[in-house]
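Okay, so here's the structure we're looking at.
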Amino acid sequence: MFKDYFQYKGISFPRVIYSEQGLQAAENKFQVRDDDIFNVTYQKSGTVWMLEILSLIRSNGDPSWCRTVPNWDRGPWYETNLGLRTAQGNQSPRIISSHLPIHLFAKSFFQSKAKVLYTVRNPKDVVVSLYHFSQIFRPYKCPGQLDQFLEQFLEGDVPFGSWFDHVKGWLELRDCENFFWISYEELHQDLRGSVERICKFLGKDLDTQALEAVVENASFQAMKQNKMSNFSLSPSCFLDQTKSSFLRKGIIGDWKNHLTPAQIDQFDRVYREQMQGLDVTFPWDEPRTSQPSPSPTDCLDPQPGSN
Ligand code: A3P
């Protein structure tokens with residue numbers, strides 16, 4: 001049972017936490033409420049970070065809720081067997097987390113006024129984070145060598161499928177007023193400014209003190225110390241944090257410590273192919289250098305050696 005995956009509409013899910021019936025219910029039966037706030041990500045992109053930010057905003061910066069209730073109850077992953085029940089039982093306004101690609105998301109969302117916040121992260125850091133997470137999260141298959149795992153990630157042969165499809169799918173909503181997207185990198189570089197943008201999207205007015213409290217309590221250090229946010233309450237048969245931690249490094253660019261030049265080349269090639277045509281610039285994208293246009297005489301002057 002452990003480490004056993006099943007396919008649902010072309011996507012792999014680990015059997016211990018998910019089921020076909022649960023995913024069907026999440027997609028077709030789950031009743032989205034107009035005041036629901038969805039925290040959506042591809043895994044390892046900053047889900048629990050955004051969940052902490054949203055929890056703190058909801059509490060006007062007061063950390064009591066975050067310090068007394070586990071994050072999986074504050075913002076349950078509604079596509080899991082357990083999370084579905086928790087989400088259904090939670091009081092409005094609900095915070096609901098999800099890693100689902102858009103084509104498996106709750107159908108009732110698309111007729112609602114509920115809001116989605118989508119957090120995206122440099123996929124090179126996602127793959128490194130996921131590689132470490134797969135070593136400690138028991139329902140996941142052991143990732144083997146990084147080289148082999150990288151191939152699987154680039155092909156979308158991991159739980160929740162392709163990073164590229166996930167991001168391209170969700171960002172199709174980017175012009176909708178109930179959709180907001182932000183990057184892990186922006187949260188990292190300017191948490192305060194990011195929280196202000198999130199509050200604006202949510203229509204939530206926080207005073208300076210409350211804003212500061214959100215920033216302070218959503219820091220990596222604060223979350224690492226909070227047992228309601230660091231998964232130390234998660235049974236070790238699910239998450240073995242003796243080898244690595246869920247809140248592992250929390251930095252930008254750790255991929256540089258793990259990927260070889262050949263792996264980086266391969267990644268960049270697939271990234272370019274997959275993301276071409278998407279009119280979005282991410283913080284990790286190289287600035288586009290404009291090619292100097294050839295002078296009219298270039299094509300007239302034969303180069304030495306050419307004839
Ligand atoms: P690393 O493994 O690179 O450290 P998710 O919640 O989507 O599973 O993402 C987990 C990643 O987000 C981990 O990345 C984790 O350390 C990072 N993270 C969680 N909270 C954070 C915070 N407050 N600041 C920075 N990174 C954070």
Side-chain angles (χ1 to χ4, degrees), residues 14 17 38-57 61 63 66-67 70-72 74-77 79-80 83 95-101 116-140 143 146 149 153 158-161 163 166-167 170 181-195 198 213-232 234 238-241 243-259 283-284:
I17 326 170
F38 283 94
N39 168 33
V40 182
T41 58
Y42 187 86
Q43 55 183 335
K44 312 322 289 176
S45 301
T47 326
V48 301
W49 193 5
M50 181 56 82
L51 176 49
E52 205 76 353
I53 293 168
L54 294 174
S55 305
L56 287 159
I57 291 176
C66 289
R67 290 184 188 163
N71 56 7
W72 57 78
R74 282 184 265 127
W77 282 251
E79 63 265 24
T80 63
I95 300 171
I96 302 171
S97 303
S98 178
H99 292 318
L100 287 176
V116 164
L117 293 103
Y118 187 71
T119 311
V120 64
R121 185 184 192 187
N122 185 339
K124 289 183 184 139
D125 280 331
V126 171
V127 73
V128 168
S129 180
L130 184 58
Y131 181 68
H132 288 91
F133 180 67
S134 303
Q135 295 170 6
I136 63 169
F137 188 49
R138 307 243 200 212
Y140 277 11
L146 180 57
F149 186 71
F153 180 83
V158 288
F160 300 103
W163 179 90
H166 203 281
V167 171
W170 276 105
W181 74 278
I182 194 163
S183 64
Y184 177 98
E185 289 71 17
E186 286 168 288
L187 293 175
H188 218 280
Q189 277 154 6
D190 181 12
L191 184 53
R192 194 180 198 283
S194 300
V195 171
I198 294 166
V214 174
V215 172
E216 190 186 320
N217 289 290
S219 73
F220 187 72
Q221 292 74 15
M223 285 179 61
K224 222 172 150 66
Q225 280 161 20
N226 181 358
K227 63 180 190 301
M228 299 296 161
S229 311
N230 64 15
F231 289 92
S232 56
S234 183
F238 265 97
L239 190 68
D240 174 12
Q241 295 205 69
K243 293 185 206 148
S244 179
S245 305
F246 188 101
L247 294 163
R248 190 181 58 94
K249 282 193 179 173
I251 59 171
I252 299 174
D254 192 33
W255 59 271
K256 293 178 190 150
N257 300 316
H258 293 273
L259 303 186
W284 55 84

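Side chains are part of it too, since the values below use all heavy atoms of this structure and drop only hydrogens, waters and symmetry mates. Ligands are counted one by one from 1 in listed order, and the atoms in each one are counted from 1 as well.
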Give a yes or no answer on whether the side chain of S55 reaches the backbone of L51 with a donor-acceptor pair at less than 3.5 Å.
yes
When distances are taken from atom 8 (O) of ligand 1, the protein heavy atom at minimum range is K44 NZ, 2.9 Å
Can you list the atoms of ligand 1 that are under 4.0 Å from a heavy atom of T47?
5 (P), 6 (O), 7 (O)
Report yes if some heavy atom in the side chain of K249 is under 4.5 Å from a heavy atom in the side chain of H132; otherwise report no.
no
Please report which non-hydrogen protein atom sits nearest to atom 26 (N) of ligand 1, along with the residue it belongs to and the distance in Å to one decimal place.
Y184 OH, 2.7 Å
To check your reading of the model: name the closest protein heavy atom to atom 15 (C) of ligand 1, its residue, and the distance in Å.
F246 O, 3.8 Å
Who's the nearest protein heavy-atom neighbour of atom 2 (O) of ligand 1, and how far?
S129 OG, 2.6 Å
Identify the protein heavy atom lying closest to atom 19 (C) of ligand 1, giving its residue, its atom name and the separation to 0.1 Å.
L247 CD2, 3.1 Å
Nearest candidate to atom 23 (N) of ligand 1, where distance is taken over non-hydrogen atoms, out of A218, G46, G250
A218
Can you tell which of F220, F246, Y184 makes a ring-ring contact (aromatic ring centres under 6.0 Å, His included) with W49?
Y184
Go through ligand 1 atom by atom and flag the ones less than 4.0 Å from a non-hydrogen atom of S219.
23 (N)
Say you draw a straight line from CG of L100 to CD of E79; how long is it, rounded to the nearest 0.5 Å?
4.0 Å
Is there side-chain contact between L117 and I182, with at least one heavy-atom pair below 4.5 Å?
no
Given side chains that start at C-beta, do those of L191 and V214 come closer than 4.5 Å, heavy atoms only?
no
When distances are taken from atom 6 (O) of ligand 1, the protein heavy atom at minimum range is V48 N, 3.0 Å
Heteroatom distance test (Y42, ligand 1): nitrogen or oxygen, under 3.5 angstrom:
no
Please could you name the atoms of ligand 1 that K249 approaches to less than 4.0 Å, counting only its heavy atoms?
4 (O)
Given H188, R248, R121, which has its nearest heavy atom closest to atom 11 (C) of ligand 1?
R121
Heteroatom distance test (M223, ligand 1): nitrogen or oxygen, under 3.5 angstrom:
no
So, taking the atom named CG in L130 and the one named CD in Q135, what distance separates them when rounded to the nearest 0.5 Å?
10.0 Å
If you define the side chain from C-beta out and look only at heavy atoms, does anything of I198 sit under 4.5 Å from L54?
yes
Side chains of D240 and R138: does their closest heavy-atom pair fall under 4.5 Å?
yes
